[in-house]
Student: 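Mind looking over this structure? Questions follow.
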Amino acid sequence: MKVITLGNELLRQKAAAVKDINGEIKKIAEEMIDTLHRQKGVGLAGPQIGLMKRIFVIHIEGDEPRIFINPSITATSQETIKYEEGCLSIPGVWANVVRPRSVRIQAWNEKGRPFTMETEGILARVILHEYDHLEGVLFIDRLPPQKRERILAKLDKIAVGEGAPGTG
Ligand code: NI
């Protein structure tokens, strides 16, 4: 699977519900996890591979790979935390983003079983980042405007210069 990057309009569109959790979506989820491992990322959402479906996969260090299909964020903490984020679709860019410290999410797994998870720390952070992808939102959208502008200006310069941002 190829990960699409900033500038591709698909990253700005809202993904549609997965209608049927069947063998096909399970296979897609497994391929997404393989892609995530190859790209050395921690999370990958459908729109990032041009699949406009509500699915994302997460694999953080010390945890097992996790698959979320048709997720809903059912609660977030009032308390927020600043944490550095990057995105496979915006290679080479890292920035501190403020988000809720903890999250409760309801979703279905690849076997079609619903589950609810309440978590904080890095997992909560990655869940919120990946969920945003399903809504066409990128982490740079959550930065203060001046900081976002600086990043976009820098990316423009790279794009017209010699080396485009790495795709690793
Ligand atoms: Ni991302």
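Order of appearance sets the numbers: ligands from 1, and atoms from 1 within every ligand.
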Student: At less than 2.8 Å, how many protein N/O/S atoms surround the Ni ion (ligand 1)? Leave waters out.
Tutor: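 That number is 3, waters not included.
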Student: Run the ring-centre check on Tyr131 versus Phe68 and record whether the distance is less than 6.0 Å.
Tutor: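 No, the ring centres sit 6.0 Å or more apart.
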Student: Do side-chain atoms of Thr76 reach the backbone of Pro100 as a donor and acceptor pair under 3.5 angstrom?
Tutor: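 Pair absent, no side-chain N/O of Thr76 close to backbone of Pro100.
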Student: Verify side-chain contact (heavy atoms from CB on, under 4.5 Å) between Lys14 and Leu134, making sure each step is shown before the conclusion.
Tutor: CA-CA 6 Å; Lys14 201 170 156 163; Leu134 305 183; over 6 Å; no
Student: Check whether any side-chain heavy atom of Cys87 sits under 4.5 Å from a side-chain heavy atom of Val93, and report yes or no.
Tutor: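 Cys87 vs Val93: side chains apart.
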Student: Determine, stepwise, if the pair Glu135 / Arg54 fulfils salt bridge (Lys or Arg N to Asp or Glu O under 4.0 Å).
Tutor: CA-CA 9 Å; Glu135 299 292 311; Arg54 301 187 79 81; 2.5 Å; yes
Student: Sequence neighbours excluded, which residues qualify as side chain to side chain donor-acceptor pair (under 3.5 Å) partners of Asn96?
Tutor: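 Residues passing side chain to side chain donor-acceptor pair (under 3.5 Å) with Asn96: none at all.
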